[in-house]
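These values consider heavy atoms only, across backbone and side chains, with no hydrogens, waters or symmetry-generated copies. So you know, we letter chains A, B, ... as the sequences are listed, proteins then strands, and number each from 1.
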Amino acid sequence: MSALLLTLSLLAQADAGATEDFVDVDVDVDAAKAQGQGYTPTESPTHETLRLTGYIDVGFAKAFGTGSSFAANDARVPADYLADAFAPAVNSRGDVASVEAGGRFTNGFLPRSMGLGARPSFLLNTASFDVRFTPKDWPVFVFARVQLMPRLEATGDRTRVELQQAFGRLNPFKEHEFFLTVGRFDSVFGIEYLENEANLRPGITPSLIARYTTGQSLGVKALYRAQVPALWSAFSVNAAVTNSGTRIEALVPVDQSVVGVPVASARLGWELNAPKVQAKLGVSGLYGPRSDQRGLDARQLAVAADLRVYFFFGLSLAGEFLRLVDEKVSAEGKLTGQGPAELGSAFDVWGGWGRVAWTVPWKTDALTGVTLAVRYDRRLGRFEGFPQLVTDRLTVSARVDLFDLVALKVEGLFNREVSGAVPVDNDVFTSSVVFTW
Amino acid sequence: MSLLKAVLALALLGLGACALDAGKPARFWTIEDFGTARADAGAKFAGLEVTRLIAREMDPLPWRGGTAAKPGLVVWPGFALGAPRAFVIADLWDEHPAPWVQPTYLLTTAYDPKAPLASLLKRADGSQHPSIFPVGTDTRFYSPFWRATLVVVPEGSQGDVFTDATAVVASGRPQHQGPMVLCPISAMDAGAGVQVAESPTGLEHPLTRVPLQRLGAAAAFVDGKEIRYLAGGLNRAVVDERGLVTEFPAYFFVVAEGDDVTPLPLPPVLPDEPLTQSLWRRVDVVVQPPMGVYFATDLPAVRGALDAAGVALKVQAADGGVSRDFSLRVAKDRACFEDPNFPAACSWLDGRAAVEALPDSQRRATGTLMTGVMLERATP
C-alpha cells in the first residue's frame, strides 16, 4: 500500500504544486479521500524544525547500438537536428548512454551524457541531499536540494554538483491553500515534473517530452487551491514567472535571465476525489521570450493537457500532451545550460505520453510495494529547414519497494525512428536501486 | 490563454528596454533573395547594392555598361595575383558563423576511386539523376559547399531512386566520399532558376570582354522536392577538420570617414587561388591619396560613382595603348600615371600580397562572408 500511497501522493501533488519538498509518504491518502478533502500535503505533521533527507540512485545500464541516436553513416549536420539524442536515456535524470556524434557538428540540442556508449556499466546516477526547515510558529518553509553526479568524462572522473532547488515558501493565509514560493523550484507545467526524482518515479527514465516540461527554474510561483467538498473536487491554479521557462537545464541557462524578461507558465487543474476513483485533469501554458537567446525578437509558446485516473484496486492511467513552438531567431549564438552553441533555429514539437501502471494491492513488512508500468511516448519535432523527426518509444518497467526505503527498478526502452530520422539501434536496458532516507 | 498572452506581450514590450545585448543579427542571403529584392534598386545586402548582384533582362550591367540580354547574377571583375578575373557572388553571410559542409548524395551504379563521378545514375531521358541535398535555403545551416558522397545503387535502377537524404542514409547503401562541390541553390523549386547575366555579346568579362564559360544549371532534391542549383565546380573550397569551410580575404576598395564606409565600384582583390578558395571574408581597403584608379576605357557609371564618393582620385583618360587588363586597377601612387614607363612604373594593388603590404590601418575586416563563384575563360 505504501507504493500505492507513494504513487497517489506524488501524482496528487500536481494541482497542489506542493512539489518536490513533499517526498514523504506519511500521509494517509485513503483517509483524506474518505473525508472528501482530497490530499493536501503539509510540511510535516510533527513540525520538525530541520530535516535532512535524500536518496542515492545507483544504476546499471546497457544501451544497444552505439549508445547514441546518431547513425554512423550519416554525415549531415547539425547531427542533433537530425536524430533524437534524448532517446537512449539510462536514468531518471534523462542522461543518455552517449551523445557521441562521430565528430559531426552539433548545435546545443543535447542531453547530458553518461558517456557509456554500448558498454554495460554500474552508474552512480545521483546522490541527492535535501535540507528543509520548518519553523514551528511561522508559515514559512525553506528547502534546498543539492545533487552530486559522478561521471567519467574525457578528462577523467569528475563529479558535477548542482543546486537543483533552493527556495523559500510562504503560506500567508492559514485558512487558504495559498503558497508563494521564491527561488529555484520545480516546474508548474504539466505533471511529469512530479516524478523528476529517482525515488519518486514509478519507472526509471523520463518521457520523450520531459525535456520541455520538467526543468527547475529560478523565479517566483504561486499556488492556490480551492476545495469543493460537495463535488468531491478541488480546483487549482499554479503559476510561475521564471528566468528560463520549463525546459531542463541542459537546454537552457537557468541561473540568470539572459534576455531580461521572464517566462510565464501556469497550470489550471481540477481533481475529483471520489471514494473509488481519483481523477485529475489539467491544462498548462507557457509564454515568453526564448530562453536560449539574448534578444526579444523570438518567443517560446507551449500548451499542454494532462490527465490522471486512479482506481482503488491499484490501477492508474496517466498521460500528457504537449505542443511547443520556438520562434525564428535572427541573432548569432545560442545559450544552453551546457555552454554556448552556434545558432538558434525555429523549432516546433508535438508530443505526448500515456502510461498504464498497476500497483499490486498487497504487501508485507519487507515487500512494501510492487508496481508494473507500460508507457508509450511519441514525439514529432522539427527544426526549421530540417525534416520532421517522428520518433516513439515503448517503456516497460517494474518497481519493487522494500521497507519503504529501497526501490529496485528495471526498465526496457524500445526506441523507434518512425520517419524523418535514420533508424538506429538505440534501445536501452536499465536498472536502478534507490536508497531513500 | 489569449488574456495571458496579451498581458505577457505587454510585459515583453514594457520590459524590452531592460534586455541585455541581444547579439548581432546573424543573417544570410541566397541567390533567390537577391532576385526577390531586385525590384527595389536601392536594396543592399551587407552593404552591397542589389544592382551589383543580380540583373533582370534589360537592366544596366555594372562595369561593362549596356543592358542585360539574359538575366542573372552580375559578373564582377576582380584581380588575383595581378591578373584580371571574373566571378559572381552567390551567397552572402553577415555576422554569421562560417558555413558548414553538408554532404550531397550522388547516386552511382559503380564506384571507381580514380573516377568517382564516371558512373552516375542516369534518368530515363539520359539526364543525371538529381543530387540529394539534406537541406535547402530555408535553414541557416545551408551552405553552397557540399561534400559529394557517392551512393552505390544497383545497375538498372529506374526512376527517382531517392528524393530525400534521410532515405538515402537509412537505405544503408554503400557510401564513398567524393570531391567537394560548389553548388549554390538558385531556386527552391523546379523552375529555371537564376543563372548568370549576359550582355548582348554573350557571357564575358565586364572589363576585358574576354568570353567566359557558362555555369551549369542542374537539378537536385531537397526533402522530396526538386530544386535548381548552379554547378560551381569541383574542389572549390578548403575545409578544416571540423567540417567548416575556410575563409580567405577578398579586398574591397572603399572610402571611409570615421566608421562611415562607402564601397567603391572597383574590382576587388581576390585570394591568390580564388578558384579553390571560394569562401571570402570581405576586407575593406581604404582608398586615400595618393592612390589612383586607371581607366583603360571610359566607364561613365564607374567614374560617376567615384566622383560621388567625394574622394579626389586621379583618373587616367582612355589610352588605347594600354591593355584593358589594367582597367580599374588601383595604383598606390597615381604619380606613376605620368611616368613614361607607365604602366610598369606603377605599384598596383592587384594582388593579395600588395594589399597586405599596406598599413594595417587601411584594411578593415568586416562581418561579411560571401561565396565567390569564379567564371573561367572560355576555351575557343
Enquirer: Under a 4.5 Å heavy-atom cut-off, does chain B meet the side chain of A/V283, its backbone, both or neither?
Expert: neither
Enquirer: Taking every non-hydrogen pair under 4.5 Å, which of B/D138, B/V222, B/T166 racks up the most with chain A?
Expert: B/T166
Enquirer: Give me the contact list for residues 105-117 of chain B versus chain A, heavy atoms only, anything under 4.5 Å, ordered by residue number.
Expert: B/Y105
Enquirer: Short question: side chain of B/Q102, backbone of A/V77 - any donor-acceptor pair under 3.5 Å?
Expert: yes
Enquirer: Mind telling me whether A/F105 and B/F141 have parallel, tilted or perpendicular rings, with 30° and 60° as the class edges?
Expert: tilted
Enquirer: I'd like to know whether B/T139 forms a side chain to side chain contact (heavy atoms under 4.5 Å, CB included) with A/F386, so could you lay out the CA-CA distance, the side-chain angles of the two residues, the decisive distance to 0.1 Å, and finally the verdict.
Expert: CA-CA 7 Å; B/T139 169; A/F386 287 81; 3.2 Å; yes
Enquirer: For A/G344 and B/R140, which heavy atoms make the closest approach, and how far apart are they?
Expert: O-NH2, 2.8 Å
Enquirer: Could you pull out all donor-acceptor pairs under 3.5 Å where a side-chain atom in residues 167-178 of chain B meets a protein atom, sequence neighbours excluded?
Expert:
residue: B/S171; atom: OG; partner: B/V168; partner atom: O; Å: 2.6
residue: B/S171; atom: OG; partner: B/R173; partner atom: N; Å: 3.2
residue: B/Q175; atom: NE2; partner: A/N73; partner atom: O; Å: 3.2

Enquirer: In chain order, what residues pass the salt bridge (charged side-chain N to carboxylate O under 4.0 Å, His left out) check against A/E153, with sequence neighbours excluded?
Expert: A/R158
Enquirer: Side chain, backbone, both or neither: which part of A/D297 has a non-hydrogen atom closer than 4.5 Å to chain B?
Expert: neither
Enquirer: Among all residues two or more places apart in sequence or in another chain, which pass the salt bridge (charged side-chain N to carboxylate O under 4.0 Å, His left out) test with B/R364?
Expert: none
Enquirer: Taking side chain as everything from C-beta outward and backbone as N, CA, C, O, which of these in A/A421 sits under 4.5 Å from a heavy atom of chain B? Side chain, backbone, both or neither.
Expert: backbone
Enquirer: Below 4.5 Å from any heavy atom of chain B, which atoms of A/Y81 appear? Answer side chain, backbone, both or neither.
Expert: side chain
Enquirer: How close do B/A26 and A/L343 get, counting heavy atoms only, and between which atoms?
Expert: CB-CD2, 4.1 Å
Enquirer: Between CD of A/E332 and CG of B/D94, what distance do you get to the nearest 0.5 Å?
Expert: 10.0 Å
